[in-house]
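To start, the structure itself, in structure tokens.
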Amino acid sequence: MKFSVLAGGVGGAKLVNGLSKWLSPDDMAVIVNTGDDFEFLGFYICPDIDTVMYNLAGINNPDTGYGIKDDTFNVIKNLEKLGTESWFHIGDSDIANQIKRTMQLNAGIPLSDIIEETSKALGNTHLIFPMSNEPVRTWVVTNEGESLPFQEYFVKRHFQPEVKQILFKGSEESKLPKKAHEFMESSQLVIICPSNPYVSIDPILSVPGVREILQNKTVVAVSPLIGGKTVKGPAAKIMSELGIEVSVTSIAKHYQPLIKGIVIDTQDRQETEQISHCGIIPYVTDILMPDTQAQERLAGEVINFSIQLHKESAA
């Protein structure tokens, strides 16, 4: 069976890495959020794609989950001395990827082709696709009326402004890259990673045609919450500020009616009945992924749960 995986952020990259240990390159491809792509110091930065790509290649920084392990930051430190804006820290090794990508984009090469080439050069065999070659940008509207590009909200402002609304500018004109579209169409199952639903997965779902494809698949989501909290990132904070109850039931409802099942943590076991009442089947396990062993274990359970739901729906 073929799996399409929707991912963004560190949690998504961790599960993708675990899934890659079970599923062959013919049976799995990853569609990654590009809503938080941006230009910085003249470079075209793809934070979520690079995080997934580096995790699959086994070169990610294990302490942060993003960036390259054992990287140095001499360039950014010297730029700081020269008075250059440097709130987004790019490592010296990481900059090589940014330089190449920017040069290729300026030469008119589609982002999906660039990512495929770079990923293979890093030793990855599983396909990684951007959600779109066309620019889609996530903007955060704050309670004070500011409109902030996502990385300014997330990194520069440390996701402190209160969120009033989230916008995906350019999504109406976007489309899945051809190879990504073909792989998703041929997949029987789709896994939504434990990424932030509102700023990592929703941008992918905003691309025209994606929701329509998912309606014909067995889709399983993995909760980004554990005991009402996020391991990393602002998902719980955003939910609270948007007036949404911070719970795995709310996550399940958010993905309704696309998903058939949701994987939740043992700390949230008490919500299984509420989730079931939504017509969504819950699966309870330990979803924390502190190391690669935990990533692989959870991935195996998610795969088995997805296949079980697919067989039941087909019966």
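Values reported hereafter were calculated over all heavy atoms of this structure, with side chains retained and with hydrogens, waters and symmetry mates removed. This chain uses plain numbering: 1 for the first residue, then up along the sequence.
Residues Ser250 and Ser247 have side chains that bring a donor and an acceptor to within less than 3.5 angstrom of each other. Under the 3.5 Å distance criterion, with hydrogens and angles disregarded, no donor-acceptor pair is assigned to the side chains of Asp286 and Thr266. For the residue pair Asp27/Ser24, the side-chain donor-acceptor check at 3.5 Å is satisfied. With no hydrogens or angles considered, no side-chain donor-acceptor pair links Asn17 and Asn55 at under 3.5 Å. For the residue pair Lys164 / Thr142, no side-chain donor-acceptor distance below 3.5 Å is found, with atom types taken as modelled.
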- request: List the steps, then state whether salt bridge (charged side-chain N to carboxylate O under 4.0 Å, His left out) holds for Glu117 with Lys100.
  value: CA-CA 11 Å; Glu117 178 186 304; Lys100 180 186 177 185; 2.7 Å; yes

- request: Would you sort out whether Arg101 and Asp50 count as a salt bridge (charged side-chain N to carboxylate O under 4.0 Å, His left out), showing the intermediate values?
  value: CA-CA 11 Å; Arg101 177 190 296 137; Asp50 288 345; 2.4 Å; yes

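Lys217 places a side-chain N or O within donor-acceptor distance of the main-chain N or O of Glu185, the cut-off being under 3.5 Å.
Hydrophobic clustering (side-chain heavy atoms under 4.5 Å, transitive across Ile, Leu, Val, Met, Phe, Trp, Tyr) keeps Ile115 apart from Ile45. Under the 4.5 Å side-chain contact rule for hydrophobic residues, Val302 and Ile264 do not share a cluster.
Looking at Phe88, Tyr44, Tyr153, Phe43 one by one, the single match for ring-ring contact (aromatic ring centres under 6.0 Å, His included) with Phe38 turns out to be Phe88. When each of Ile204, Val210, Leu205 is checked for a side-chain contact (heavy atoms from CB on, under 4.5 Å) with Val207, only Val210 meets the rule.
Identified under the salt bridge (charged side-chain N to carboxylate O under 4.0 Å, His left out) test for residues 134-156, with sequence neighbours left out: Glu85-Lys156, Glu134-Lys175, Glu146-Arg157. Among pairs with a residue in residues 302-315, those fulfilling side-chain hydrogen bond (donor to acceptor under 3.5 Å, both in side chains) read Thr218-His310, Gln308-Glu312, at least two apart in sequence or across chains.
Scanning all heavy atoms of the two residues, the minimum distance from Ser195 to Gly12 falls at OG-CA, 3.5 Å. The two residues Val141 and Ser147 have their closest heavy-atom pair at CG2-OG, 3.9 Å. The shortest non-hydrogen separation linking Ser86 to Glu80 is OG-CG, 2.6 Å.
Annotation: cation-pi pair Lys2/Phe183 present, NZ/CZ under 6.0 Å from the ring centroid and within 45° of its normal.
Every residue two or more places apart in sequence or in another chain that forms a side chain to side chain contact (heavy atoms under 4.5 Å, CB included) with Lys253 is listed here: Thr249, Gln256, Cys278.
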